[in-house]
Amino acid sequence: QVLLEESGGGLVQPGGSLRLSCAASGITISRVAVAWFRQAPGEERQFVAAFSRSGGFTYYADSVKGRFTISRDNARNTVHLQMNNLKPEDTAVYSCAAGPGVITSNLRNGAAYNYWGQGTQVTVSS
C-alpha cells in the first residue's frame, strides 16, 4: 500500500517561509516522478513543482520559480517543498503526488499521477 503524508503547512505572513514535507511509504521516491500541486477554494488544481522519474531534473510553475525549491531526501524517502517569499495568492491546500509511469512531458498533469496525499493547508495572510 502506497501512502503519501504531507506536513508543514500553516499560517504565515506575506514574505514569510514554510517548508512542506511529503513522507512516502510503499513506494521509493527516487524511482518515480514526484510533484507538488495546490488547489485554492473555487479554483482548479495547479501544478507547483516536480522531480522527473530519473530525479535529475526539477520543474516549476512560473508563478513559484525563484521562490520555491523542491528537494528530495532519499534516505528518509521524503520530498520537501521550501517556500520563500510567500504571497497571499499562494494560499491553498498543497498535495504531493507520485507516479511511476509519469513521463517528463506529462509532469504538470495531475491526472498522470497514481498516488496522492491528503494535503496540507497553507495560508498566507497578515
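Note that the structure is predicted; figures quoted are calculated from it, not measured. Sequential numbering from 1 along the given sequence is applied to the chain's residues.
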Could you state whether L86 and L11 fall into the same hydrophobic cluster, counting links through intermediate Ile, Leu, Val, Met, Phe, Trp or Tyr residues with side-chain heavy atoms under 4.5 angstrom apart? no
Can you tell me how far apart CD (Q46) and CD (Q39) are? Round to the nearest 0.5 Å. 10.0 Å
Any chain of hydrophobic side-chain contacts (each under 4.5 Å) joining V93 to V64? no
State yes or no: are the ring centers of W116 and F37 separated by less than 6.0 Å? yes
Do E6 side-chain atoms and Q118 backbone N/O form a donor-acceptor pair below 3.5 Å? yes
Cluster question for you: counting only ILVMFWY and a side-chain heavy-atom cut-off of under 4.5 Å, with indirect links fine, are V32 and I103 together? no
For a side-chain contact (heavy atoms from CB on, under 4.5 Å) check, start with the C-alpha distance between T91 and Q121, then their side-chain angles and the critical distance, and finish with the verdict. CA-CA 8 Å; T91 295; Q121 176 70 45; 4.0 Å; yes
Atom CD of E5: over 12 foreign heavy atoms under 6.0 Å: no
Without hydrogens or angle criteria, can the side chains of N74 and S30 be said to hold a donor-acceptor pair below 3.5 Å? no
Residue pair A98 / Y113: nearest heavy atoms and the distance that separates them: C-CD2, 3.6 Å
Let me confirm one number: the CG-CD1 distance from N77 to I29, rounded to the nearest 0.5 Å. 5.0 Å
E89 CD: over 12 foreign heavy atoms closer than 6.0 Å: yes
For the pair K87 and D90, find out whether any cationic side-chain nitrogen is under 4.0 Å from an anionic carboxylate oxygen. no
Would a hydrophobic clustering, with Ile, Leu, Val, Met, Phe, Trp and Tyr connected at side-chain separations under 4.5 Å, put V2 with F51? yes
Looking at every heavy atom in both L20 and T120, which two are closest together, and how far apart are they? CD2-CG2, 4.0 Å
Please report the closest heavy-atom contact between N85 and S17, naming both atoms and the distance. N-OG, 4.3 Å
Apply the test side-chain hydrogen bond (donor to acceptor under 3.5 Å, both in side chains) to residues D73 and T78: give CA-CA distance (whole Å), side-chain angles for both, the deciding distance (0.1 Å), then the verdict. CA-CA 5 Å; D73 183 343; T78 299; over 6 Å; no
Please name the pair of heavy atoms, one in P14 and one in S125, separated by the smallest distance, quoted to 0.1 Å. CD-C, 3.6 Å
Examine the side chains of S71 and H80 and answer whether a donor and an acceptor come within less than 3.5 Å of each other. no
Quick check for you: to the nearest 0.5 Å, what is the distance between Y60 atom OH and R67 atom CZ? 12.5 Å
